[in-house]
There are 2 protein chains.
Amino acid sequence: MAKTQTRNRGDTEKKIVQAAINLLAEEGFAALGVNKIAAAAGVDKQLIYRYFGGTEGLIEHIAQDLTLWFGSQPVPQKYPDYAEMTGALLEQYTQTLRRDKMLRHLLLWELSDNSDALKTLEKSRSLMFGQWFMQMKGDLEPPADVDAPAINALLLAAMHYLAIRADTLGCFAGIPLETPADWQRVQNAAQSLIQSVYKKERS
Amino acid sequence: MAKTQTRNRGDTEKKIVQAAINLLAEEGFAALGVNKIAAAAGVDKQLIYRYFGGTEGLIEHIAQDLTLWFGSQPVPQKYPDYAEMTGALLEQYTQTLRRDKMLRHLLLWELSDNSDALKTLEKSRSLMFGQWFMQMKGDLEPPADVDAPAINALLLAAMHYLAIRADTLGCFAGIPLETPADWQRVQNAAQSLIQSVYKKERS
DNA sequence: AATTTATGTCACTATGTGGTGACTTGTCAA
DNA sequence: TTGACAAGTCACCACATAGTGACATAAATT
């Protein structure tokens, strides 16, 4: 059989990182302490300090793993105009948001904590999102009389908030956020906003 | 001089509640522990257990104070149509959101915690907001072909997210959220969405 | 004035957290 | 085979948290 070592730094490092990611995905950032991570990894917490320099170092280390995690977005297509492209992007992104509990935990974490580790993590994630957007955008341009970046930010922000909120309250402003039908309604509302603001008049 | 008692349950109860509210306003819900509240109120924590039954009971007790706190919204006016009214409402609410750090802390708390106390707090706040909305709405009606409640929820959700996010990251999706000019841009984008979706065609 | 009630104070337990020094032991090279 | 270094283990510290029992004293009641 293969040479199985009882002591292997690389393996335990992976175990620690994986335990932290799982913990974040399942219980949220509040559970991300040295003790819990060590317990979840089946490892002494001393090793977290030795190999990563504590929780902060560990977070910085898993940042790249996380950004890669979210980098696996669907393939870009060609869209007829800016409105269609924005609509498709928002729809896709919202579905990802609804499926990936870890992403929601991460976004909530960004809202709650302002440590340096989180800032770098947000920065790289934001960068990767920007690249994805540019890829989908292609050479499409929004109408000159609307502030497309601000409008995109508004709609993304709304989806972020509603997705996080669905985990705890399950509704917002009288709009339920539980069933797929509930979310279809939200999606439709967002699409109507996009359509009307970008195609309000085709002179 | 007035009869000043050194021992007065009513006074210390008020001190405790006020300390909790101040703590929430300044440091957020993470600081809302029995120890910190007692220290801030200059009172032994034992009294918190005796009078309120611990932190949870205290939270339920201050819920009404908080809802009253946010109930002091500006006077409603008359607006020509639904779009104008919605726009004014969103603008007013966003300004409140930007000014009141405690409100932001409360909203973040609602996203992070799903205890029963928070649910009741959210419910009463939501109810009060609904009344305020109805008061501003009057007999105005949105166009029949748009899902106005969902659109309102989207825009409010966006503002919630951006307001909370401004406290930590200071920007979102490439849109800065620091200066009044930054926020004016966001407001303009929201207004353009409202205008276009409600007035897309006046056939 | 005496007594009872309730208000306030203190000390303490139990638990969890981040963090560190000292120790044993496996692994690999000389 | 032997020695050295790294990997892993354990015991501890200091601190903060929630929660409780026992006690002193001010205030109200008799």
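Lettering follows sequence order; numbering is per chain, from 1.
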(request) Would you please name every residue forming a side chain to side chain contact (heavy atoms under 4.5 Å, CB included) with A:Lys14, sequence neighbours left out? (result) none
(request) Write down the distance between CZ (B:Phe52) and P (D:dG19), rounded to a whole number of angstrom. (result) 15 Å
(message) Under 4.0 Å from OP1 or OP2 of C:dG8: is there any side-chain N or O of B:Tyr51 that close?
(response) yes
(message) On the nucleotide C:dT7, are OP1 or OP2 found under 4.0 Å from the side-chain N or O atoms that B:Arg9 carries?
(response) yes
Expected list for residues 24-32 of chain B: side-chain donor-acceptor pairs under 3.5 angstrom, two or more places apart:
none

(request) Flag the pair A:Lys78 and A:Glu84 as a salt bridge only when some basic side-chain nitrogen lies within less than 4.0 angstrom of an acidic carboxylate oxygen. (result) no
(message) From CD of B:Gln5 over to P of C:dA6, roughly how many Å is that when rounded to an integer?
(response) 15 Å
Below 3.5 Å, can you tabulate the donor-acceptor pairs from side chains in residues 44-61 of chain B to any protein atom, sequence neighbours excluded?
| unit_1 | atom_1 | unit_2 | atom_2 | d |
| --- | --- | --- | --- | --- |
| B:Asp44 | OD1 | B:Gln46 | N | 2.9 |
| B:Lys45 | NZ | B:Asn35 | OD1 | 3.1 |

(request) Provide, to the nearest angstrom, the distance between the CZ atom belonging to B:Arg50 and the P atom belonging to D:dA18. (result) 18 Å
Cut-off 3.5 Å, no hydrogens considered: what does the side-chain donor-acceptor table look like for residues 153-162 of chain A, sequence neighbours left out?
| unit_1 | atom_1 | unit_2 | atom_2 | d |
| --- | --- | --- | --- | --- |
| A:His160 | ND1 | B:Tyr161 | OH | 2.9 |
| A:His160 | NE2 | A:Tyr93 | OH | 2.7 |
| A:Tyr161 | OH | A:Arg165 | NH1 | 3.2 |
| A:Tyr161 | OH | B:His160 | ND1 | 2.9 |

(message) Would you say A:Thr12 places a side-chain N or O within less than 4.0 Å of OP1 or OP2 belonging to D:dA7?
(response) no
(message) For B:Glu110, is there an ion pair with B:Lys119 - N to carboxylate O distance below 4.0 angstrom?
(response) no
(request) Using five pairs at either end of the helix from C:dA1-D:dT30 to C:dA30-D:dT1, determine the angle between the two local helix axes and round it to 10 degrees. (result) 10°
(message) Going by salt bridge (Lys or Arg N to Asp or Glu O under 4.0 Å), name the residues that satisfy it together with A:Glu141, two or more places apart in sequence or in a different chain.
(response) A:Lys137
(message) Which residues pass the side chain to side chain contact (heavy atoms under 4.5 Å, CB included) test with A:Ala63, not counting sequence neighbours?
(response) A:Leu121
(request) List in numerical order all residues of residues 30-49 of chain A for which some heavy atom is under 4.0 Å away from an atom belonging to DNA chain C. (result) A:Gly33, A:Val34, A:Asn35, A:Lys36, A:Lys45, A:Gln46, A:Tyr49
(request) Considering just the side-chain nitrogens and oxygens of A:Thr6, establish if one lies under 4.0 Å of OP1 or OP2 belonging to C:dT25. (result) no
(message) Please report the distance, rounded to the nearest Å, between CZ in A:Arg7 and P in C:dT24.
(response) 13 Å
(request) Not counting sequence neighbours, which residues clear side chain to side chain contact (heavy atoms under 4.5 Å, CB included) with B:Arg104? List them please. (result) B:Lys101, B:Ala163, B:Asp167
